[in-house]
Amino acid sequence: MLFLKVRVLDIDLENLVLINSEDLKNSQYFPQDRVVVEFKGKEVIGVLYSSTTLINRGEIGLPQKLVKELGVKEGDTVTIKHAEKPKSLPYIRKKMDGNKLRKEEIFAIIDEMVDGKLTNIEISAFVTSLYINGMDMDEIEAMTIRMAETGEMVNWEGHIFDVHSIGGVPGNKYALLVVPIVASAGLKIPKTSSRAITSAAGTADVVEVLTRVDLTIEEIKRVVKETNGCMVWGGALDLAPADDITINVERPLGIDPEPLLLSSVMAKKLAMGVNKLLIDIPTGYGAKVKSIKEASSLARNFIELSDRLRIATECAITYGGQPIGRAIGPALEAKEALLALEDYKQAPTSLVEKSISLAGILLEMGGVAPTGEGKYLAEDLLARGKAHDKFMEIIVAQGGKEVSSDEIEVGKYKADIHSPIDGYVTRISNIGITKIAKEAGAPNDKKAGVYLNVKVGNKVERGDVLYTIYSDSEERLKSAVKLARIVYPVKVEGMLLQKISRF
Ligand SMILES: O=P(O)(O)OC[C@H]1O[C@H](OP(=O)(O)O)[C@H](O)[C@@H]1O
Ligand SMILES: O=c1cc[nH]c(=O)[nH]1
């Protein structure tokens, strides 16, 4: 037990607890021990580190996150106590060994994750064990319910719609068109999104270029009441808080294991009180789902899980074999989506086609269009500017201001990548384009990304610009160009494949 005076550390190392090396030496603790920091009955978990210069004797350095959770201020005296091992550690180990977890074991993992009792090491082990050993539907149902119940739950009157993509394809900015189309038809669509998981821009990252996405539940209810829709970040709302915790571990590992994919998406929908849901499953080479067969199996899992949660879900298997549209990266994607709302004839066909198809299904699910007619009503709402006006309403209601696509700034440094030969574009690598956009700084640098000048099938001449890389950092741009030359994501092939001579 140690009694120490608080020093607030201006550092975003969330669970760091810093004490003086001398104090540590005279205590029964060791570096990287998990400790309980206690103040007036409140407790938080931290990981202990020491320093001889950064902190004085008798003091304890706490990061903002722990200071806020404890409700302490500079100079308050707190107690450090030994923290026992988390209860759920053996259950994580059980999944690592490939065994089925009982409901209460899954509840314990999610509860301790949300209570900050698990470090990123244990969370990574859990996420990785799901990647390797998976879960059955009973386990996924339990995890989904607990992920939702450990956060705020919202309920509304009547039918509440949503659309959610499993992600995994660059440029997947469909939601910025689908939400306003559906909302402009009078259906309620409070869309929640995560930030990027494996891509260079999640929907929350793209929308945040134009307006706030970290709305409270009360603000969301106001926005939806005013406009029928919203496009917000699940992670900000204390909505299924375990979702963002696991996504923060998935991102550096570049994985999105199916049990988490199912529970992460459905937990947000369950928490948001959605009862009519469309799931987009981009499928193809370089997407999260490679084949129609795999997509159908995932779709059936979404529908089974949804049935257990009493959410009416339909799934759309969409083309994911190359980026959607031409823009990859938050600002570039916001610009392209806004252009499509302003004048869809000028926008990439793949983006418009995907968006009106998905919106059309939702309009039919909502009974505002007869079966088979939804897509045409969606196109009409887009063509007549109804979706654009609704989008502006939502952006302003969420705290942004009216803006036109040409006002959206992109990276001040750019580099064109040219075609080395005459020929045809035979493949655009999703993974390659994503890697380059992220190397340029996306999604943290919102203005970074890639703009494709060509799509698969286009004829190109030697020297034509295939794509342009943008960044707000000259250094990152250079590194992205270097990577581009190695990855070579846009494949150009001539018709003359090989010449065979007599000799
Ligand atoms: O592509 P990656 O980053 O793996 O997946 C994350 C993206 O997929 C989902 O898309 P949406 O919210 O339906 O637009 C998430 O919300 C996020 O935007
Ligand atoms: O919201 C999402 C989308 C894809 N994968 C997830 O885990 N969550």
Side-chain angles (χ1 to χ4, degrees), residues 127 130-131 135 140 143-144 147-148 161-179 182 189-209 213 229-237 239-240 242-272 274 277-283 286-289 298 301-302 305 313 315-316 318 320 323-325 328-330 333-334 337 351 354-355 358-359 362 430-431 433-435 437-438 442-444 449:
V127 169
L130 297 186
Y131 179 78
M135 277 180 155
I140 295 171
M143 186 156 72
T144 306
M147 282 175 88
F161 295 81
D162 203 345
V163 57
H164 204 97
S165 176
I166 65 162
V169 60
N172 197 20
K173 58 200 80 78
Y174 77 96
L176 280 78
L177 276 73
V178 172
V179 169
V182 171
I189 179 163
K191 173 149 179 58
T192 51
S193 283
S194 77
R195 289 188 183 284
I197 300 170
T198 65
S199 69
T203 297
D205 301 308
V206 177
V207 174
E208 198 171 44
V209 172
V213 293
C230 73
M231 292 172 281
V232 295
W233 172 37
L237 301 173
L239 203 69
D243 181 39
D244 223 51
I245 293 169
T246 48
I247 284 177
N248 285 337
V249 161
E250 285 179 314
R251 191 178 295 115
L253 297 170
I255 61 173
D256 193 1
E258 185 164 318
L260 271 180
L261 168 61
L262 286 161
S263 55
S264 160
V265 172
M266 296 313 294
K268 287 191 279 282
K269 307 306 144 186
L270 186 61
M272 195 40 122
V274 172
L277 173 63
L278 174 61
I279 296 288
D280 166 39
I281 303 177
T283 300
K288 276 180 195 172
V289 174
L298 178 62
N301 287 339
F302 264 112
L305 179 56
T313 293
C315 296
T318 56
I324 311 291
I328 294 95
E333 296 193 36
L351 171 63
K354 172 166 183 174
S355 303
L358 294 177
L362 283 163
N430 286 334
I431 294 165
I433 291 291
T434 294
K435 273 188 180 151
K438 286 162 90 167
N444 294 330

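If you're wondering where the values come from, they're calculated on a predicted model, not measured in any experiment. Atoms within a ligand are numbered from 1 in the order they appear, just like the ligands themselves.
- How far CG of Asp243 is from CE of Met266: 12.5 Å, rounded to the nearest 0.5 Å.
- Taking any N or O of Thr198, backbone or side chain, at least one lies under 3.5 Å from an N or O belonging to ligand 1.
- Residues Lys173 and Thr203 have side chains not in contact (no heavy-atom distance under 4.5 Å, counting atoms from C-beta outward).
- Note that CG of Leu298 and CG of Leu261 are 6.0 Å apart. Values are rounded to the nearest 0.5 Å.
- Looking from atom 12 (O) of ligand 1 to the surrounding protein, the closest heavy atom is Ser193 OG, 2.7 Å.
- The single protein non-hydrogen atom nearest to atom 1 (O) of ligand 1 is Gly168 N, 2.7 Å, given as residue, atom name and distance.
- The closest side-chain donor-acceptor pair between Asp256 and Thr198, if any, does not fall under 3.5 angstrom.
- Interface atoms of ligand 2 facing Val265, defined by a heavy-atom separation under 4.0 Å, are 1 (O), 2 (C), 3 (C), 8 (N).
- Close approach of ligand 1 to Ser199 (heavy-atom distance below 4.0 Å) involves ligand atoms 1 (O), 2 (P), 3 (O), 4 (O).
- Salt bridge status for Asp162 with Lys268: absent, with no side-chain N to carboxylate O gap under 4.0 Å.
- Heavy atoms of Lys191 approach ligand 1 to within less than 4.0 angstrom.
- Looking only at protein heavy atoms, the nearest one to atom 5 (O) of ligand 1 is Lys288 NZ, 3.6 Å.
- Taking atom 5 (N) of ligand 2 as the reference point, the nearest protein heavy-atom neighbour is Asp256 OD2, 2.7 Å.
- At the top of the distance list for atom 8 (N) of ligand 2, counting protein heavy atoms only, stands Ser264 OG, 2.7 Å.
- With respect to atom 14 (O) of ligand 1, the closest heavy atom belonging to the protein is Thr203 OG1, 2.3 Å.
- Taken to the nearest 0.5 Å, the CD1 atom of Ile166 stands 9.0 Å off from the CD1 atom of Ile279.
- At the shortest separation from atom 1 (O) of ligand 2 among protein heavy atoms lies His164 NE2, 2.7 Å.
- Residues Ser193 and Trp233 fail the side-chain proximity criterion, which asks for heavy atoms closer than 4.5 Å.
- Residue contacts with ligand 2, taken as heavy atom pairs separated by less than 4.0 Å, involve Ile197 solely via side-chain atoms from C-beta onward.
- Residue Ala196 approaches ligand 1 through these ligand atoms, each under 4.0 Å from one of its heavy atoms: 3 (O).
- Taking atom 4 (C) of ligand 2 as the reference point, the nearest protein heavy-atom neighbour is Ile166 O, 3.3 Å.
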**side chain to side chain contact (heavy atoms under 4.5 Å, CB included) between Asp244 and Arg195, worked out** = CA-CA 9 Å; Asp244 223 51; Arg195 289 188 183 284; 5.7 Å; no
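- Under the 3.5 Å distance criterion, the side-chain polar atoms of Asp205 are left unmatched by any main-chain donor or acceptor of Pro330.
- Interatomic distance, CD1 of Ile255 versus NZ of Lys288, reported as 10.5 Å (0.5 Å rounding).
- Residue contacts with ligand 1: Tyr174 is placed with a nitrogen or oxygen under 3.5 Å of a nitrogen or oxygen of the ligand (distance criterion only).
- For atom 6 (C) of ligand 1, the choice among Leu176, Ile166, Ile197, Asp280 with the nearest heavy atom turns out to be Ile197.
- Distance from atom 9 (C) of ligand 1 to its nearest protein heavy atom, with residue and atom name: Ser165 O, 3.1 Å.
- Atoms of ligand 1 lying under 4.0 Å from at least one heavy atom of Gly167, given by number and element, are 1 (O), 5 (O), 8 (O).
- Note that NZ of Lys269 and NZ of Lys191 are 4.0 Å apart. Values are rounded to the nearest 0.5 Å.
- Under a 4.0 Å criterion applied to the non-hydrogen atoms of Gly202, ligand 1 contributes the atoms 18 (O).
- In this structure, the protein non-hydrogen atom closest to atom 7 (C) of ligand 1 is Ser194 OG, 4.2 Å.
- Distance check, rounded to the nearest 0.5 Å: OG1 of Thr192 to NE2 of His164 gives 6.0 Å.
- At least one heavy atom of Ser165 sits less than 4.0 Å from an atom of ligand 2.
- Considering only heavy atoms from C-beta on, Glu250 comes within 4.5 Å of Pro257 through its side chain.
- The contact set between ligand 2 and Lys268, taken as ligand atoms under 4.0 Å from a residue heavy atom, comprises 1 (O), 2 (C), 8 (N).
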